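A quick write-up on the structure given underneath.
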Amino acid sequence: MQPKIVLASSSPYRQAVFKKLALPFTAFSPAIDESRQENERPTDLVERLALEKAMAGMPLYGDALIIGSDQVCVIDEEVLGKPGTREKAIEQLLRASGKQVTFYTGVAVINSKTGHHQSDVEPFHVDFRDLSEAEITRYIDKELPLDCAGSFKCEGLGIALFNAMHGRDPNTLIGLPLIRVREMLEKEGVSVI
């Protein structure tokens, strides 16, 4: 019998992405401290948080494969989080204008029955086109991406902000690298197809 699959995320974006795999799953909101540790590299941060999110489900789900994920946006070697406000979103997109921005997404799968865990980090690069402040403001007001790292929704109008995207899996940009998740689930005996 296939173990229960649990997504350790309250993000509607991650849940929508995971539904592409057509596997039944449960989601929960992990309560962890997402603060960055002193001198922690972005890749270490997202891998640690993905693992902590998955581990938060272990006491709740005794026989499950628990998937955790976390993402950061890096511009000029500075980590940017979710903007939260319109002003911060405009500021983030002004900084991204004309630059290549890297998104690091950490993903982890924990088998709560055996304690076995896997974790990895998937990079994804976005080449932003040169954007005027007026374009940025119109975009922010139309799509309100205040809860998205990098201040855009690539699955929506945000795609108009880019010249190019580079990476293994476009789902990574939305916060859940499905190709890597499939590989991890298969190592735990779950066949997606």
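Quick note: residue numbers are just sequence positions, from 1. Predicted, not measured: the structure shown is a model, and the values here were computed from it.
Counting only distance, with no hydrogens or angles, the side chain of S29 and the backbone of S10 share no donor-acceptor pair below 3.5 Å. At distances below 3.5 Å, not a single donor-acceptor pair connects side-chain atoms of K4 with backbone N or O atoms of A64.
Linking Ile, Leu, Val, Met, Phe, Trp and Tyr whenever their side-chain heavy atoms come within less than 4.5 Å leaves I174 and L157 in two separate clusters. Using a 4.5 Å cut-off between side-chain heavy atoms of Ile, Leu, Val, Met, Phe, Trp and Tyr, with links allowed through other members, F28 and L65 fall into different hydrophobic clusters. When the side chains of ILVMFWY residues are joined at heavy-atom separations under 4.5 Å, either directly or via intervening members, I66 and V192 end up in two distinct hydrophobic clusters. Follow the hydrophobic side-chain contacts under 4.5 Å out from L80 and you reach F128 in the same cluster. There is a path of hydrophobic side-chain contacts, each under 4.5 Å, that joins V101 to I140.
E188 contributes atom CD, which lies 10.5 Å from atom CD1 of I5 (distance to the nearest 0.5 angstrom). In this structure, L21 CG and K19 NZ are separated by 12.5 Å, a value rounded to the nearest 0.5 Å. Here the CG-OG distance, from D130 to S97, works out to 5.0 Å after rounding to the nearest 0.5 Å. For the atom pair Y61 OH and N111 CG, the distance stands at 15.5 Å (nearest 0.5 Å). Separation of atoms CG (D70) and CD (E34) is listed at 5.5 Å; rounding is to 0.5 Å. Atom-to-atom distance recorded for T102:OG1 and D76:CG is 10.0 Å, nearest 0.5 angstrom.
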Steps toward side-chain contact (heavy atoms from CB on, under 4.5 Å) verdict (I67, F18): CA-CA 10 Å; I67 303 163; F18 192 77; 3.5 Å; yes
Stepwise, does the side-chain contact (heavy atoms from CB on, under 4.5 Å) test hold for H116 with K187? CA-CA 11 Å; H116 179 257; K187 285 184 179 176; 5.7 Å; no
Evaluate the side-chain contact (heavy atoms from CB on, under 4.5 Å) criterion for residues I136 and I90: first the C-alpha distance (whole Å), next the side-chain angles of each, then the deciding distance (0.1 Å), finally the verdict. CA-CA 6 Å; I136 289 170; I90 292 168; 4.1 Å; yes
Audit row: T105, F124, side-chain contact (heavy atoms from CB on, under 4.5 Å) steps and yes/no: CA-CA 8 Å; T105 303; F124 201 88; over 6 Å; no
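E135 has no carboxylate O lying under 4.0 Å from a charged side-chain N of R138, or vice versa, which leaves the two without a salt bridge. For the pair D169 and R180, the salt-bridge criterion is not met [side-chain N within less than 4.0 Å of a carboxylate O]. Taking the charged nitrogens against the carboxylate oxygens, R168 and E183 do have a contact shorter than 4.0 Å, which makes a salt bridge.
In this structure, Q15 and F25 approach most closely via the heavy-atom pair O-CZ, 3.8 Å. Between G175 and S69 the shortest heavy-atom distance is O-OG, 2.6 Å. Minimum interatomic distance between K82 and A149 (heavy atoms only, all atoms of both residues): CG-N, 3.9 Å. S9 approaches R14 most closely through the heavy-atom pair OG-CD, 3.6 Å. Across Y139 and G158, no two heavy atoms sit closer than the pair CE1-N, 3.4 Å. Minimum interatomic distance between I193 and S191 (heavy atoms only, all atoms of both residues): O-OG, 2.8 Å.
Taking Ile, Leu, Val, Met, Phe, Trp and Tyr as members and joining any whose side-chain heavy atoms lie under 4.5 Å apart, directly or through other members, I179 forms no hydrophobic cluster with any other residue.
Using cut-offs of 30° and 60° for the angle between ring planes, the F152 and F103 rings count as perpendicular.
The closest side-chain heavy-atom distance from R86 to T137 is below 4.5 Å. In this structure, the side chains of M184 and D120 come closer than 4.5 Å at one or more pairs of heavy atoms.
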Under 3.5 Å, side-chain donor or acceptor atoms of residues 43-52 against the rest of the protein: list the pairs with distances, not counting sequence neighbours.
{"unit_1": "D44", "atom_1": "OD1", "unit_2": "R41", "atom_2": "NH2", "d": "3.3"}
{"unit_1": "D44", "atom_1": "OD2", "unit_2": "R41", "atom_2": "NE", "d": "3.1"}
{"unit_1": "E47", "atom_1": "OE2", "unit_2": "S119", "atom_2": "OG", "d": "2.7"}
{"unit_1": "R48", "atom_1": "NE", "unit_2": "E40", "atom_2": "OE2", "d": "2.7"}
{"unit_1": "R48", "atom_1": "NH1", "unit_2": "E52", "atom_2": "OE2", "d": "3.1"}
{"unit_1": "R48", "atom_1": "NH2", "unit_2": "S35", "atom_2": "O", "d": "3.0"}
{"unit_1": "R48", "atom_1": "NH2", "unit_2": "E40", "atom_2": "OE1", "d": "3.0"}

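Residue Y13 is tested with E155, Q71, K153 for a side-chain hydrogen bond (donor to acceptor under 3.5 Å, both in side chains); the sole match is K153. Here the rule is side-chain hydrogen bond (donor to acceptor under 3.5 Å, both in side chains) with S151, and of K88, Q92, R95, E91 only Q92 fits it.
When the shell of 6.0 Å around CE of M55 is examined, it contains 12 or fewer heavy atoms from other residues, nucleotides or ligands.
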